[in-house]
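So the structure is just underneath, and the comments pick up after that.
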Amino acid sequence: MATVLPPPSKRQKREEIERTTTQLDVAPILAPELGSFKANFVDSDGNQMTDVIEINFADATEKNISVLLNTLLERDREEFTPYRFRIHIPGKDIIVDQYPSDLLGLLKQHGVENPFETTITLSAEPQAVFRVQAVSRLAHRIPGHGQPILAAQFSPISSGRLATGSGDNTARIWDTNTGTPKHTLKGHTGWVLGVSWRPDGEQLATCSMDGTVRIWDPEAGKPVGQPFKGHAKWVLMTAWQPYHLWRDGTPRIASASKDGTCRIWVVNTGRTEHVLSGHRSSVACVRWGGTDLIYTGSHDKVVRVFDAVKGTLVHSLTSHAHWINHIGLSSDHALRTAYFDHTKDVPSTEEGRREKAKERFERAAKINGKVAERIVSASDDFTMYLWDPTNNGTKPVARLLGHQNKVNQVQFSPDGTLIASVGWDNSVKLWNARDGKFLKSLRGHVAPVYQCSWSADSRLLITASKDTTLKAWNVRTGTLAMDLPGHEDEVYAVDWSPDGKMVGSGGKDKAVRTWRN
Amino acid sequence: MPQNEYIERAQKLHGKRLDTEERARKKAAREGHKQSENAQNLRGLRAKLFAKERHAQKIQMRKAIKQHEERNVKGAPEEKDPSNPVPAYLLDRSNPTSAKALSSQIKSKRAEKAARFSVPIPKVKGISEEELFKVVKTGKKVHKKGWKRVVTKPTFVGPDFTRRPVKYERFIRPMGLRYKKANVTHPTLNVTVQLPILGVKKNPSNPLYTQLGVLSKGTIIEVNVSDLGMVTASGKIAWGRYAQITNNPENDGCLNAVLLV
């Protein structure tokens, strides 16, 4: 038999009635008046942007402050730029990168006695006005290559063309909108190790194990001129001369080879203009900077900076203790895309295009109103160095410590504020590009991470790994935005199209894959 | 101080004998003579044990010598183009480990559908219950009960196994016949690795044997391959893979298996 509870006693009844009849005083639950603080806005160079203004803690969300700052700068609503803020804790050397949901709590946590009426410095970083969405699904799987795909790059013009280089001695151009092959570029007699589009998208350069560089017309799928012969061994990488630096009506291209030299070719004639020698071992990476400097990183542990016009050595940066694998350039994205940007308006005249390309480069490379193109070199010694060869000479700006194994690739974000590095320790690390401070580590891959690529708005990062997956990361929060399994084997190459619509990848399973949101 | 460290204690208190070094040197110097004498004069079991120890030592020595010889090679090895296409950043690096090759081999094999359900040993001799189980009589003299069985073949017993109370225990799996590891071979690569067993997937003779974890020839076991760094199609780490036992463990005293691909 079930137990029957005894009826409530008189006292219990009385208390029950009392509880239900009296109204609860809800006032203490509501937030009290929070008070206010004084905000001092500075830009990324530390210059004051507006007068100091008082802001209520209750209203101090990042979005509100961003709108407020735009209003203070007297911008029209259409021209509002989204900002991200970094908080300088008053009286201390701490800078909080992530804007908190509870600002008052953060200040108290950092031991600010009286946050009210104190002046807090907020450094405002402008964000891209457009937004790239994380890719989330496999759009196309395009078979065609007979051997693993070793390199992939999207055309700077649009995401409609993707070029890949493969171990079957061909490079191929794909129409990614329809998922069909466009052209097969046959001619090399060794694996195609690198493909790179000319900044205006009119030509494509491939480099190969057979020691040659070939130039192709991507629309016709035909070779342009003769192959550039001269290297004694494999050509590992090529770099086009930035669009705004073209002289004598011809572009130039630099190629790095295993024979320890780097050659500059005049593309229209196929003539070798300079042979940049000096490295004692394989040159793993070459970059052509926007101030006509060529940066080369080599297996002899040295980064060399050459003057591209005269072909002379400017600096020799020796700090690394092992092979240099990759060099990232703060203006990489701007140089790669020349005059193409999110506005899609291309100047009609040659001068206009050069002007725009130059302006885009300068915007990307400027620090404190001075053009300071920075480079970061990744090495087998588990570290990276941040250099500013134009202003700082051979002295590194910072040493980036934190990786626990070889660092394979390093990339500046398109807006130049962050550095992403990937390596053999299965992690992706983010660094502040200004001072080289470690920001966060993105963990999730279970095998060495080979490549990474930024989205054009610098908000997302995609990484390709030996563990057969691609992973898209939200840079702001440091979380995994999207896991993209689908490859059947190691992924060797990944590229996010400059317009942000598509990601292309290729690897050991021989099929090109494109990903969309 | 632990009880057995009295020598260390004495040395700390009183120091070593003054001629310790000399004695140690002399002992070491006579070591070769001692070895030689033993090798010539020992007889019987002692000789066997001595020979076994010496054999192991020699193997170690040969390995060490070989390593030194490899180190002494002068000049760079002749340059050869790598066989499988790899991107520029992987050139000049040491070859990928066999474990990785193993995993991709498995994957490519899996793609062929016909291979999916074939096993290396398709036909297995059955084992009768009479052969497998031995009756154990328990109880006092008058009413001896015969309902307990001892498994006479090797078994795998999971790490979380606890014995039932003696009264309810029907099958006894002897400790001496239990296995935890298997020598697993990859059929095409001829790589053999010792891997921990995770479980017995199927003993083809009898479902009961599967339950008991009997390891006989042809049994499918699951082995832990996490050390090999294999990855599934979705990018997760694969850590269990099936393998089939290829020898008669009760005869050989070891467990050899071949990975199913």
Side-chain angles (χ1 to χ4, degrees), chain A residues 145-152 165-169 190-194 207 209 233-237 256 258 281-282 284-285 299 323 325-326 380 406 408-409 424 444-448 450-451 465-471 483-493 506-510, chain B residues 75-116 186 188-189 191 193 195 198 224-241 259-261:
Chain A
H145 275 302
Q147 287 290 330
I149 292 158
L150 310 179
S166 156
D168 63 1
N169 304 353
W191 311 342
V192 180
L193 294 174
C207 59
M209 291 278 263
K233 285 182 184 166
W234 315 336
V235 185
L236 301 169
M237 196 175 182
K258 192 178 154 66
S281 183
S282 167
C285 186
H299 284 184
W323 293 0
N325 292 326
H326 199 258
D380 257 19
K406 297 164 216 165
N408 197 39
Q409 206 194 23
W424 295 70
H445 281 294
V446 294
Y450 286 148
Q451 300 264 287
S465 163
K466 191 181 177 177
D467 68 8
T468 75
T469 63
L470 296 173
K471 287 186 204 294
D483 193 0
L484 305 167
H487 274 283
E488 280 144 29
D489 215 325
E490 300 176 20
V491 191
Y492 286 147
K508 212 174 175 184
D509 61 357
K510 303 169 193 170
Chain B
E78 93 272 32
E79 210 159 279
K80 239 172 64 183
D81 277 3
S83 50
N84 292 327
V86 287
Y89 51 84
L90 292 180
L91 290 167
D92 294 331
R93 294 193 185 276
S94 57
N95 294 327
T97 56
S98 58
K100 177 59 206 169
L102 199 132
S103 115
S104 53
Q105 280 268 345
I106 292 171
K107 270 179 213 145
S108 55
K109 194 82 186 289
R110 278 265 166 88
E112 301 160 22
K113 282 227 174 85
R116 197 170 287 179
H186 186 277
T188 54
L189 288 171
V191 184
V193 243
L195 299 172
L198 292 173
N224 184 351
V225 292
S226 61
D227 297 344
L228 305 185
M230 295 184 185
V231 182
T232 62
S234 60
K236 304 278 184 299
I237 301 175
W239 69 295
R241 273 217 194 280
L259 214 58
L260 300 184
V261 288

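Every chain is numbered from 1, with letters handed out A, B, ... down the list of sequences. Given the structure is predicted, the values throughout are model-derived calculations rather than measurements.
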Measure [X] against the heavy atoms of chain B and call it side chain, backbone, both or neither at under 4.5 Å.
X	value
A:K406	side chain
A:H299	side chain
A:D380	side chain

Original post:
Out of curiosity, B:L90 CG to A:K466 NZ, how far, rounded to the nearest 0.5 Å?
Top reply: 8.5 Å
**OP:** Kindly assign one of parallel, tilted or perpendicular to the pair B:Y89 and A:Y450, based on the angle between their ring planes and the thresholds 30° and 60°.
**Re:** tilted
Which heavy atom of [X] sits nearest a heavy atom of [Y], and at what distance?
X	Y	result
B:V86	A:Y492	CG1-OH, 3.9 Å
B:P87	A:L150	N-CD2, 3.5 Å
A:G167	B:P85	CA-CB, 3.6 Å

**OP:** Step by step, work out the side chain to side chain contact (heavy atoms under 4.5 Å, CB included) result for B:L91 and A:M209.
**Re:** CA-CA 11 Å; B:L91 290 167; A:M209 291 278 263; 4.2 Å; yes
Original post:
When heavy-atom pairs shorter than 4.5 Å are enumerated against chain B, which of A:L484, A:I149, A:L193 gives the highest number?
Top reply: A:L193
